[in-house]
Number of protein chains: 2
Amino acid sequence: MNKERIKVVVVDDHPLVLEGLRSSLGEDNTIQIVNCFENASDLFAFLKRSSVNVVVLDVNLPDMNGVEICQKITQKYSHIKVVGLSTYNDPSIIKQMVKNGAKGYLLKNVTSKELVAAIHQIHIGQSYFSGEIQKILADSIFDNNEVPKLTRREKEILSLVAEGITTPQIAKKLVISPLTVETHRRNLIQKMGVTNAAQLVKMAIEKGLI
Amino acid sequence: MNKERIKVVVVDDHPLVLEGLRSSLGEDNTIQIVNCFENASDLFAFLKRSSVNVVVLDVNLPDMNGVEICQKITQKYSHIKVVGLSTYNDPSIIKQMVKNGAKGYLLKNVTSKELVAAIHQIHIGQSYFSGEIQKILADSIFDNNEVPKLTRREKEILSLVAEGITTPQIAKKLVISPLTVETHRRNLIQKMGVTNAAQLVKMAIEKGLI
DNA sequence: TTAAAAATACCTGTAAACTAGTAGAAATAC
DNA sequence: GTATTTCTACTAGTTTACAGGTATTTTTAA
């Protein structure tokens, strides 16, 4: 058995959850919670100057998107393993987390026992997904759940379309030609695999783009 | 100062939150956590045979709707005060909770300090809503969040519109005139207070009609 | 600095959506 | 059984959306 305890950082904007984690994991002598944060920027400030093994990351933070945080961590600090933690069991978010380097994913109804097991398994290089998450990931293989990559402008126009703003109005608002807006709309419809704006909006909401 | 500690019961399906609450409130010598539950049925079994002052209630439990639980508690045990606790800041749920007797409402990003203050205030017969919740309740007075009553046919057509089906296709499918479908679409747009199909779909999803 | 990606813009035509008003038949509620 | 709502359908005109292709400029990223 390794004498070194696993260095864990927890990020969650709910003090109660942080307290729960501190209290639960604090009893475990194989895991050391080196620090807790309530937002992403504090986390990154800490990662710059400290060595960490595992980050337990709440996907819904106030200042930054969970998927982006995960991507940034795994890109900058490839040795750090990320475990996603969330109340929601939204398949598209879970898949995006996995694609962006998350080694594990747990729902917040997890017991501290299971969390400890997950951290251990991930620390030795394996992945860990709770039963419910495994099922969600398995199901999502069959139905096409890919979230197409939209450009900044496309996302912007998508939001405006969902607000009921018409092409001429969007063009005026963004100070571009209505023909350009039409091009973006066409690309959005094509990328999302839909046939018109109504279905586009529905799909975008389903995939968490709005 | 009253020598009796305030008897609190906590209900939340997340063990980590329960642990956090136990740990935070355990340090406070004015509050006694007499029990914790992860579902509603265990809670009611306990309330039958024990005296409790305050119930801290997670609104999203697996076995029963939070609003119903709140209603049942305040009806059967009028001396017990309920504090709602939730991740979501959905105005309609908060309003329903208050209507059904909740004396306080907090988001899960609450600090343990604030939670203690809330429990005290509620215990002496006042109500407590965190700043964010107060704002939401205040805003919801002004903006119209009524869900318009749609007819059966309108709902049917609304769903088809959201699937990207066009008017001629809908007409064929329902074996009615496309002109009739157009009339329904017009009425949908008018009832929902929107300007086109894209916004209609977004609004319908927001209001839980799809 | 040089590919690649994104944002911009145009043309042409067709199809669909939206506006506005009216009105008879059918179902439902009181 | 009567009133009300819902479903049905129409006319007529305007605006917007969608299909398809092409092409230049401007950003990013490698």
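Every chain is numbered from 1, with letters handed out A, B, ... down the list of sequences.
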Phosphate oxygens OP1/OP2 of C:dA20: is one of them under 4.0 Å from a side-chain N or O of B:Arg186? no
List the atom of A:Ala118, the atom of A:Leu106, and the distance in Å for their closest heavy-atom pair. CB-CD1, 4.0 Å
Which pair of non-hydrogen atoms, one from B:Tyr88 and one from A:Thr87, has the smallest distance, and what is that distance? OH-CG2, 4.1 Å
Think B:Arg152 has a side-chain N or O under 4.0 angstrom from the OP1 or OP2 of D:dC7? no
So, A:Thr74 side chain and A:Ile80 main chain: donor-acceptor pair closer than 3.5 Å or not? no
Rounded to whole angstrom units, what separation is found between the NZ atom of A:Lys155 and the P atom of C:dA7? 10 Å
Hey, is the side chain of A:Thr167 poking within less than 4.0 Å of OP1 or OP2 on D:dA17, counting only N and O atoms? yes
Which nucleotide sits closest to the side chain of A:Arg153: D:dC18, C:dT8, D:dA17? C:dT8
Contacts of A:Phe129 that satisfy ring pair (Phe, Tyr, Trp, His ring centres under 6.0 Å) - sequence neighbours left out: none
Within this structure, what is the NZ-to-P distance between A:Lys149 and C:dA5, rounded to whole angstrom? 11 Å
Can you confirm whether the side chains of B:Thr166 and B:Gln169 place a donor and an acceptor under 3.5 Å from each other? yes
Tell me: CD of A:Gln199 to C1' of C:dA16, nearest whole Å? 15 Å
If we ignore hydrogens and angles and just use 3.5 Å, is the side chain of A:Asn196 paired with the main-chain N or O of A:Gln199 as donor and acceptor? yes
Rounded to the nearest Å, what distance is computed from the CD atom of residue B:Gln190 to the P atom of nucleotide C:dG21? 12 Å
For A:Asn196 and C:dC18, what is the distance between atoms CG and C1' respectively, to the nearest whole Å? 14 Å
Separation of C:dC18 P from A:Gln169 CD (nearest whole Å): 13 Å
What is the distance, to the nearest angstrom, from the CG atom on B:Leu188 to the P atom on C:dT19? 12 Å
Could you state the atom-to-atom distance from CG of B:Leu160 to C1' of C:dA16 in whole Å? 16 Å
Walking DNA chain D from its 5' end, the first of B:Asn187 and A:Ile189 to be reached, judged by nearest nucleotide, is B:Asn187
Do side-chain atoms of A:Lys191 reach the backbone of A:Lys149 as a donor and acceptor pair under 3.5 angstrom? yes
What residues in residues 174-185 of chain B put a non-hydrogen atom under 4.0 Å from any atom of DNA chain D? B:Ile176, B:Ser177, B:Leu179, B:Thr180, B:Thr183, B:His184
